[in-house]
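Inspection log for the structure reproduced underneath, given as structure tokens.
The shown structure was predicted, so the numbers you read here are calculated from the model rather than taken from an experiment. Chain letters run A, B, ... following the sequence lines, proteins first, then strands; residues in each count from 1.
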Number of protein chains: 2
Amino acid sequence: MKKLIQEKTTILSDMLDGFVLANPENEVIADSVVVRKEKKDKGVALVSGGGSGHEPAHAGYVAQGMLDAAVCGEIFTSPTPDKILEAIKAVDTGDGVLLIIKNYAGDVMNFEMAQEMAEMEDIKVAKVIVRDDIAVEDEDMRRGVAGTVFVHKYAGYLAEQGDDLDTIVGKVEQLLEGMRTIGMALTPPLVPSTGQLGFDLAGDEIEVGIGIHGERGLKREIIKPVAKIAEELVQTLQKEVSSSEVIVMVNGMGGTPLSELNIAAKYINKTLADHDTAVVRWFVGDYMTSLDMQGFSLTLVPNHEEVLKALEAPTASKYFG
Amino acid sequence: MKKLIQEKTTILSDMLDGFVLANPENEVIADSVVVRKEKKDKGVALVSGGGSGHEPAHAGYVAQGMLDAAVCGEIFTSPTPDKILEAIKAVDTGDGVLLIIKNYAGDVMNFEMAQEMAEMEDIKVAKVIVRDDIAVEDEDMRRGVAGTVFVHKYAGYLAEQGDDLDTIVGKVEQLLEGMRTIGMALTPPLVPSTGQLGFDLAGDEIEVGIGIHGERGLKREIIKPVAKIAEELVQTLQKEVSSSEVIVMVNGMGGTPLSELNIAAKYINKTLADHDTAVVRWFVGDYMTSLDMQGFSLTLVPNHEEVLKALEAPTASKYFG
């Protein structure tokens, strides 16, 4: 296996040690929790996290205007409740803590367990569960994918402006109501901790409806021009996102050159225009990756004044913009 | 070939059309020149560019605090003198234009030809030629690689603070004097305009000393732990960079996950510390890529007060930070 690693067993600690070099305003506590060195002294604190392998998510979003803590599990592996509890305790200002959880069984279980433990220590905790991935039909089983980053940014903005915990939960739930994502892959990710590919894919095939942990998708197709791919993804999303004005994220999966994401954006824009849908703001880049997978996901959010303002507000994170 | 493209012949125009969607403060003129919509009305204007395939370079750096124009050639192909001339004429404020050229025969020839044409129209033009790639022994033949992005930022800062053309050239030449880069690859890039890989590499091999156009490197080795790779690259650079305080860029080649760049940074830091070298500032991310190549380059710059200040100064580019 060709990967830039030292040992399979030290991947997480090595990447976090490296992360704080370029992000010296953050630090790692409890081995795997990234927090700001200068913590907030009031307002709702935001905690997210999950398995690693999605960089810059989630540690890269620990910054003024976004998260207060990211709990980092091993590659594609949920962090344990005790680490999540450490994160909650480290950042709570007394005004409550919001857990932003991607909808995976392990994450939900462990974050909820940490929530109970924190509540036993009289910390006020609420949660939102992101399930933006339209590829899964059963709504309860829908996975949290790239849209989670919009939640980080929106909730971070609301916390900054002083909204209380219940208000933030209510507003984020509204965002979740309308936001949908679907992804596609040209290649599977190579998982450095196991040496295995996420799935097999032939030299001329793409996988549509993939997750961000090497899960196979909805279907396999022969590669086609990007305009056709854009059309397919947009049509799938528009079954549930009917707004005529949308905010769009074209999220690279980690191994996709920016040039190709830009080309995809052009044809997504064309398809949306053909369907009388205007884009009010684009986000194109690597936000929620799956190791070195090539491909992208497309997220549509119905335009909304406060959401747009929040997404455009400044943040100290160098990975969002 | 599995790539997110529409047609081989429209790659450049498609990627630029997509680029301006997420960068609406910029526009494309003369089919392939990216400029700011709001142009400066005084001060030295900065023009760079070259073949495409290095995104976010160079168009991503057209922003307040960095470039005024990027001339974008086809993938790995120098732009023509007439396009470069258009860029010069579009951004000249009367205070002179600096051309930032990567040292490749085609780029140097075409930019110099454009310089002559502009001078015939009484525009004051100067140039700097970046040749930071230590992998090539003959100094005149050294290629311009990731260090070019530091030149964009440094010169952009100097132009903002009102330095005149000669002063900027002098200061940039001093930066070039001390800055060195070396790169390595786990995989070659797949060139979408030809469908060809840049070079062949076996499943257990890495290539050290690669360029950013699919050029083969200095040597081929069996993959080894990243600490050993870091040691080899640092030692090579320290033959010519002897400063005990350095600014460091760990530049992803386009297909490398951020997690692996962070792991590489940790071990580079360790090796530098072992050689009594302190890092004053880290830049870790995709700055000057080679399509979807996996690997990274390492750039060392001797610490220098004004250079550091310039690199840390704000810029409107979302791709530098």
For [X], is it the side chain, the backbone, both, or neither that has a heavy atom closer than 4.5 Å to a heavy atom of chain B?
X: T289(A); result: neither
X: I223(A); result: side chain
X: D204(A); result: backbone
X: M293(A); result: neither
X: E7(A); result: neither
X: I5(A); result: both
X: I11(A); result: both
X: A202(A); result: backbone

Distance-only polar pair, side chains of [X] and [Y], donor-acceptor under 3.5 Å:
X: E55(B); Y: N262(A); value: no
X: H58(A); Y: K102(A); value: yes
X: Y267(A); Y: D14(B); value: yes

Self-check item: Options D17(B), V284(B), L21(B), T10(B), ranked by heavy-atom pairs under 4.5 Å with chain A, top entry
Solution: L21(B)
Quiz item: Given the rule in the salt bridge (charged side-chain N to carboxylate O under 4.0 Å, His left out) test, do K219(B) and E207(B) qualify, once you have shown the distances and angles that lead to the verdict?
Solution: CA-CA 6 Å; K219(B) 55 179 174 173; E207(B) 183 91 20; over 6 Å; no
Self-check item: Within-4.5 Å side-chain heavy-atom neighbours: T271(A) and H275(A)
Solution: yes
Quiz item: Mind checking whether F320(B) and F150(B) have parallel, tilted or perpendicular rings, split at 30° and 60°?
Solution: perpendicular
Self-check item: Contact origin within M253(B) toward chain A - heavy atom pairs under 4.5 Å
Solution: neither
Quiz item: Are F76(B) and H54(B) near enough that their ring centres are under 6.0 Å apart?
Solution: yes
Quiz prompt | Short N-O contact, E221(B) and K224(B), less than 4.0 angstrom | solution = yes
Self-check item: Closest-packed option against chain B by number of heavy-atom pairs under 4.5 Å, given A265(A), G203(A), A59(A), G60(A)
Solution: G203(A)
